[in-house]
Every structure is written in C-alpha cells, then in structure tokens.
Protein chains: 2
Amino acid sequence: MQHSLKKLFPSFSDDLIDEIESNAIWQSYKAGDVIMRTGQYINYTLLITKGQVKIYREGENGGEFFMYYLQPGQACAVSMICATKSQTSQIMAKVVEDVELIMIPLSLMEKWMMQYRSWYEFVILTYRTRFEEILEVVDSIAFRAMDERLEFYLKRHAEACHCKELKLSHQEIAIELNTSREVISRLLKKMEQRGLVRLHRNNIELLT
Amino acid sequence: MQHSLKKLFPSFSDDLIDEIESNAIWQSYKAGDVIMRTGQYINYTLLITKGQVKIYREGENGGEFFMYYLQPGQACAVSMICATKSQTSQIMAKVVEDVELIMIPLSLMEKWMMQYRSWYEFVILTYRTRFEEILEVVDSIAFRAMDERLEFYLKRHAEACHCKELKLSHQEIAIELNTSREVISRLLKKMEQRGLVRLHRNNIELLT
DNA sequence: CACAAACAGTAACATTTGTCACATTGCGTC
DNA sequence: GACGCAATGTGACAAATGTTACTGTTTGTG
C-alpha cells in the first residue's frame, strides 16, 4: 500500500507516509453516497486515494451548485479547515465514482503540520488550489452568461473524466448550474449547431 | 505600539507580538491606492492595523467584482496563500479608508507557523473565514437574483462601516456587482418604495 | 409486448436584466 | 446667478433566462 501512497502523494516524505500508513483510517464509499453534508461536524481530514468526488454548495431551496472535483491524490480543503477546529462543513460532497479515502484525525493533522514539512506544504498547496478554483467559479458566475458557463462546466467535466464523452443528462447539468433543463437543452442545441458538441441520449460528445 | 497590536490581535501570544514588533515592516496607504494587483507576485503576508481595504476579483473586460472587506485585526488570506510559494495574486486590493498595515516576509511566515501556536491558529482561522465568506458570495450570485444580491451587498457595506449611511453612487455599486447603473437605480427605487432605504445623492440610508 | 419512467425537443409566453436615449436634479465654482 | 458636471430618474426596447405545457423518444421492467 505504501507504494501506491507514494505514487498518489509524491511530495510526501517517507517518514510521513509511514506515519499515514500506521495511523490513518481507510474508508470506502459507493457512487451516489454523500460523504459530507452541509452543517455536519468534521473531525477528519480526507485524502482521496481512488474514485471521484464532486463538491457542491447547497442553496436554501434545495439547489446543488457544483463547485469542483476532488480527485485521487487530493485532499478536501474544507475538511482541513473545518477539522482544525472541529467545525461544521459548508459544503456537500457526493461520490460520482466509487471512492477509497484515508481519514486523518484532527489531532494528527495538527501534529504533522509542525512535524513534517511536506505535510505543511501539501496543506498550504491544497488551500491555494481550492481557493483559486473557487475564484474561477466566482468568475464564471459573476462575469459570464449561461452559454459560457455551460462551456466552462463541460470543459471541467471532460478534464475530470479524461474523456470527451460526458455521461450527463440535461437535467443534471441544469441542477448543477442552478438553471432549468430547457435552458440547457436550448444552449446545447446551439453548441451543436456551432459544431462544438454532438448530442446523444445521456451523452454529450465534445468535438473540440 | 505593542499595546495596540495586542488589542488588534488578542489571540497572539506575547512572544509572537514581540517578534512581530521587531521584524515586521510597517507601511501605509492612502484611500484609493491599490495595494495588490491581479498577477502581481506576493512575497509578504499583510496584517491590517488601521483603515479599510476592499478585495475584488477582476474580469477580463475590466470588471471589478467586489468580494469582501479586509479590516483592522485581519490578514489577507490571499497574501498568505500566495506568499507561501511566492506566487501571483488572483485578486485586487483597493484602499477605501487610509490604511496602515504590517508586512510579514515569507520566511518568517513559515517559521512562525512551526514556532507559535497562536500564529498557526490565526492563519488557519483566516483561511477558514475567507473561505466561508467567498462561499457566501458564491451563494449570492449562484442562487439569488439581483434585488437580493443588492440587499446582501448593502448589508455587508453597512457592517463594514458600522453605520447606516452608505456613501456610494449607483454607478459604483453597479460596477462592484457587475451590472449597470440603471438596474441599480431601478432596484434601489423599489427598495425605497418598500421602505427599506431612503435615497439621497451619493448616500443611501438604510432603514432596517 | 405493454407500460412506466426518464430523457429530450420545442413553442409560447413571463420575467429579469441589459442597453440606449434623454431629461432632471443637486452641487460646486466662477 | 450662470455654468458645468456628476449623479440620478425614466421610458422604451432588446436580449437572456425562466416557466409552462405538451410532444415524442428511449430504456428498462414486468
């Protein structure tokens, strides 16, 4: 297992990896599971080792606004921030593809910050990456109209699955962009006419 | 000066305050100055000791989307994150009210993280607070229409200046919400009719 | 096969927001 | 007071987005 950890987290020093090995709690989840809910108390930092997780911001009226993907080799920044003071989560994390992850208890998280430079740097890098990602999300909703937001959304999904065939229904996309299915259908149709995509049932093929 | 630092940053331990005293660089800025620009390299973490700073996200076409206020006793989370790796800023910081601040060089920032628990906790708290604040901003643009966003905006400004008289022109508000002046005028008029505000020239009086 | 359920297309219309044009008001300066 | 300028008001219209209602299509299931 150490081998795969070293592969997933190449920046970690060997002694840190040993420590993770001997202390961490492994957990697995199935596609569709909700790992973290808005308002839930967080006592662990999560490191993803396998699968895909999507992070959402929940609206008062049941909206589920998509923010970013969590991938193997990454940590949940929100879990880090919350775990530091054992506070509640402001986001919702849903499993898209069966997940395996490591749970690091709050006490170790703090200890390692002082003890392992590679852990410290990993934590800071995680903060930075997520901060930037959220700023990009802000850009997309603050400055751009729905057509561009849709393109941005599709692009990010293609990056996450490393493929050009997105298995998404118009309805799903609509929910994650907080709009209605009809709007998405309309815009996708236009994209098809512009030659950017080809539309199939439950499947959007990117041509760019 | 130590006395005022202790007041502004009550969580800091005495030895940390001594260290700040002896190492930090003091700097002051005038209203209207831009402290930090998008794309600029950051080598210092900033602690505000006096005045008010507004943080914006800049759009490609010159938009200046308002995100949050930075107040005395607070640190710029973005400067922390960037300073850690001496990377570029993704935000713009503009002085609203003459500012005095302390600049902490990158090297000290890291050293203190290991050395002073109260610094470590302050940094983590800063991350957390800003993360939450940005998430609220995402909420407001993702889930809410312009009328509610305007109310949210006015509320935050009133909190920042601790008063009910906002010295803002409709044009300024429009820029910071990335919309047009006419829209803001229209919505403010409606708010006035609903008895939420009273409108004067360059001055919006909150009645709630 | 029959049926239900999810998915997708589309037209018509309502609402919100953005844009343009121009009028009006308040305020400082000469 | 006359003038100039920035701030604001407002109506008309355009464009984007949201809503409603209905159609047809695909898929899975009994």
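The chains referred to below are lettered A, B, ... by the order of the sequence lines, with proteins before strands, and numbering in each begins at 1.
Across the protein-nucleic acid pair, A:Gln171 atom CD and D:dT19 atom C1' stand 13 Å apart, rounded to whole Å. Between B:Asn203 atom CG and D:dA6 atom C1' there is a gap of 16 Å when expressed in whole angstrom units. Rounded to an integer number of Å, the gap from A:His200 NE2 to D:dT25 P is 18 Å. Here D:dG18 presents its C1' atom at 19 Å from CZ of B:Arg144, a figure rounded to the nearest Å. Between A:Glu182 atom CD and C:dT15 atom P there is a gap of 17 Å when expressed in whole angstrom units. One atom, CD1 of A:Ile173, and another, P of C:dA8, lie 8 Å apart when rounded to the nearest Å. Computed from coordinates, the A:Lys189 NZ to D:dA16 C1' distance equals 20 Å when rounded to whole Å. The nearest whole Å value for the distance from the CZ atom in A:Phe143 to the P atom in D:dA16 is 19 Å.
Note that B:Arg130 lies outside the cation-pi zone of A:Phe131, set by a 6.0 Å cut-off to the ring centre and a 45° limit from the axis.
Side-chain to base pairing of A:Arg201 with D:dT26: one donor and one acceptor N or O lie within less than 3.5 Å of each other. Between the side chain of A:Arg181 and the base of D:dG18 there is no donor-acceptor pair of N/O atoms closer than 3.5 Å. A donor-acceptor contact under 3.5 Å links the side chain of A:Arg186 to the base of D:dG18.
B:Glu151 and B:Arg194 are joined by a salt bridge, as a carboxylate oxygen and a charged side-chain nitrogen come within less than 4.0 angstrom of each other.
Judged purely by distance below 3.5 Å, without hydrogens or angles, the side chains of B:Gln27 and B:Glu100 never pair a donor atom with an acceptor atom.
Using a 4.0 Å heavy-atom distance criterion, B:Ser169 is classed as a sugar-phosphate-only contact.
Classification of the B:Tyr69-B:Phe66 ring pair by plane angle, with boundaries at 30° and 60°, yields perpendicular.
Closest approach to the A:His170 side chain among D:dG9, C:dG18, C:dG9 is made by C:dG9 (side chain taken as heavy atoms from C-beta onward).
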